[in-house]
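Read the structure below first, then the notes.
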2 protein chains.
Amino acid sequence: MSDDLMTIRQMCDTYEVTPRTLRFYEARELIFPQRRGQHRLYDRRDRARLILILRGKRFGFSLEQIRQLLELYEPGGTNRAQIAATINVGRDRLADMERQYAELSEAIADLRTQISEAQSRLSATPEQPRG
Amino acid sequence: MSDDLMTIRQMCDTYEVTPRTLRFYEARELIFPQRRGQHRLYDRRDRARLILILRGKRFGFSLEQIRQLLELYEPGGTNRAQIAATINVGRDRLADMERQYAELSEAIADLRTQISEAQSRLSATPEQPRG
DNA sequence: CGTCTTGCTTACGTTCGCGTCAACTTGGGG
DNA sequence: CCCCAAGTTGACGCGAACGTAAGCAAGACG
């Protein structure tokens, strides 16, 4: 590898996001790339955060929720109250995800049933005669 | 129960949606309440669909995706091509959900780890002396 | 009769997560 | 030196999924 640092373009190609998106996340304080002069440079920490951001999005969390969660993944505050608050945020998200997990399991079973029933209907449906 | 039919208000109270939302879903052709004069009346079919809509939303599907999926749950078209197309839509959604399921499982494990690590940090952090 | 409630339609406003565009700077090549 | 490409900021735009507000109709009630 050339270096541990990536340009915005390399980031975009690697993670399939646009420059606009990366700058947007930065404006929302989700990532903090360094600056070499004007240009942004993303290190491993930034990349790890980005991966978590993209994952969080897939689960339907807002950027704000994700921002709060990210604090868990990086020991930011050092005082008890702050750590405790972060843990609580994490617990809430965890509960959300566990609920989603259970519900998803049901929905998948459901959908499978519907699909196989539809397949039965398909088998039972005569082909169109050409005319 | 009074009847099998519910007014818009009863629907809203039961499913925690607003009238605006129900009319919006109708405009997008996701539900088709009958009309008694001007008023909408929702039967069990409508309610079943609404439940599926709300569930789909929780998984991050768009209303359009949900609309297509709903066809699976109600044998609409009777010709092979249409049934087959509906099945394919269902398969795609199913694949989405299965991926989401797997990823969610990982993310939950991950988050649990982070939370317990944060708890360790909390235990290791001395209490603030009052001053 | 008036008025209250419930619901209807139409239309415009709002939030989130970016896209798009304009205008500027900066660094490297020819 | 000039130009181009890449990057930056700032402002405005947009689609999805509703919220909100205005104005009207129609039945219930005293």
Side-chain angles (χ1 to χ4, degrees), chain A residues 2-3 5-43 46-47 49-70 89 93 96 100, chain B residues 2-43 46-47 49-70 89 92-93 96 100:
Chain A
S2 54
D3 197 359
L5 297 173
M6 290 172 65
T7 70
I8 200 169
R9 186 98 303 277
Q10 292 173 318
M11 289 291 283
C12 293
D13 293 347
T14 304
Y15 299 104
E16 305 197 314
V17 293
T18 68
R20 182 69 183 87
T21 299
L22 290 175
R23 294 184 202 116
F24 186 78
Y25 291 166
E26 185 179 347
R28 292 304 179 84
E29 306 192 325
L30 292 162
I31 39 182
F32 310 95
Q34 331 166 10
R35 294 294 182 109
R36 177 139 62 201
Q38 266 301 40
H39 299 351
R40 292 165 170 84
L41 287 176
Y42 300 83
D43 60 18
D46 295 314
R47 275 170 271 167
R49 293 175 75 93
L50 179 56
I51 289 171
L52 288 170
I53 294 167
L54 298 176
R55 186 164 85 177
K57 285 199 43 178
R58 267 174 255 134
F59 299 145
F61 294 140
S62 73
L63 293 184
E64 174 55 23
Q65 288 177 321
I66 293 169
R67 193 189 60 74
Q68 291 176 29
L69 249 187
L70 283 172
V89 169
R93 290 302 134 257
D96 288 346
Q100 203 174 145
Chain B
S2 54
D3 197 359
D4 198 17
L5 296 173
M6 290 173 62
T7 71
I8 200 170
R9 186 96 307 277
Q10 292 173 319
M11 288 291 283
C12 293
D13 293 347
T14 304
Y15 299 103
E16 305 198 310
V17 293
T18 68
R20 181 70 182 87
T21 299
L22 290 176
R23 293 183 201 119
F24 186 77
Y25 291 166
E26 186 179 346
R28 294 303 178 87
E29 306 192 327
L30 291 162
I31 39 181
F32 311 95
Q34 331 165 10
R35 294 294 183 107
R36 176 140 64 202
Q38 270 297 43
H39 300 350
R40 291 166 170 84
L41 287 176
Y42 300 83
D43 59 19
D46 296 314
R47 276 171 269 164
R49 292 176 74 93
L50 179 57
I51 289 172
L52 288 170
I53 293 167
L54 298 176
R55 187 163 83 178
K57 285 200 45 176
R58 266 174 257 132
F59 300 144
F61 295 139
S62 73
L63 293 184
E64 175 54 23
Q65 288 177 322
I66 294 169
R67 193 188 60 73
Q68 292 178 28
L69 248 187
L70 283 173
V89 169
D92 287 355
R93 288 304 132 255
D96 287 348
Q100 203 174 145

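The figures that follow rest on heavy atoms only: side chains count, while hydrogens, waters and symmetry mates do not. So you know, we letter chains A, B, ... as the sequences are listed, proteins then strands, and number each from 1.
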Q. Could you give the CG-to-C1' distance, from A/D13 to D/dG7, as a whole number of Å?
A. 14 Å
Q) Can A/D46 and A/R49 be counted as an ion pair, charged N to O under 4.0 angstrom? A) no
Q.
If the cut-off is 4.0 Å, is A/S62 near the phosphate of C/dG17, judged by side-chain N/O to OP1 or OP2?
A. no
Q. Separation of B/R36 atom CZ from D/dG27 atom P, in whole Å?
A. 12 Å
Q: Confirm from the modelled atom types if B/R20 and D/dT20 form a donor-acceptor pair under 3.5 Å, side chain to base only.
A: yes
Q: For A/I53 and C/dC16, give me the distance from atom CD1 to atom C1', rounded to whole Å.
A: 15 Å
Q. OP1, OP2 of C/dG17 versus side-chain N and O of A/T21: anything below 4.0 Å?
A. no
**Q.** A/R67 CZ to C/dG17 C1', straight-line distance once rounded to whole Å
**A.** 16 Å
**Q.** Lys/Arg-Asp/Glu bridge criterion (N-O < 4.0 Å) met for B/R47, B/D4
**A.** yes
**Q.** Distance, rounded to the nearest Å, where B/L22 contributes CG and D/dA17 contributes P
**A.** 15 Å
Q. Phosphate oxygens OP1/OP2 of D/dT8: is one of them under 4.0 Å from a side-chain N or O of A/R40?
A. yes
Q) Between A/R67 and A/E64, is the closest basic N to carboxylate O distance under 4.0 Å? A) yes
Q. Of all the choices, C/dC8, D/dC12, D/dA17, which nucleotide is nearest to the side chain of B/H39 once you look at every atom?
A. C/dC8
Q.
It should be established whether A/R35 places a side-chain nitrogen or oxygen under 4.0 Å from OP1 or OP2 of nucleotide C/dT26.
A. no
**Q.** Separation of C/dC18 P from A/Y15 OH (nearest whole Å)
**A.** 17 Å
Q) Should B/Y25 be listed as having a side-chain N or O under 4.0 Å from OP1 or OP2 of D/dC18? A) yes
Q.
Counting C-beta onward and ignoring hydrogens, is there a side-chain heavy-atom pair between B/Q34 and B/D43 closer than 4.5 Å?
A. yes
(Q) Could you report the tightest heavy-atom contact between B/R58 and A/Q100, atom names first, then the distance? (A) O-OE1, 4.3 Å
Q.
How many whole angstroms separate atom CZ of B/R23 from atom P of C/dT9?
A. 7 Å
Q. Should B/R9 be listed as having a side-chain N or O under 4.0 Å from OP1 or OP2 of C/dG7?
A. yes
Q) Taking atom P of D/dA25 as reference, at what distance in whole Å does atom CD1 of B/I8 sit? A) 20 Å
Q | First encountered from the 5' end of DNA chain D, between A/T7 and B/L63 | A | A/T7
**Q.** A/R28 side-chain proximity, nearest of C/dG17, D/dC18, C/dC8
**A.** C/dG17
(Q) For a quick test of reading the model: is some side-chain N or O of B/K57 closer than 4.0 Å to OP1 or OP2 of D/dC18? (A) yes
Q) Has A/T18 got a side-chain N or O lying under 4.0 Å from the OP1 or OP2 atom of C/dC18? A) no
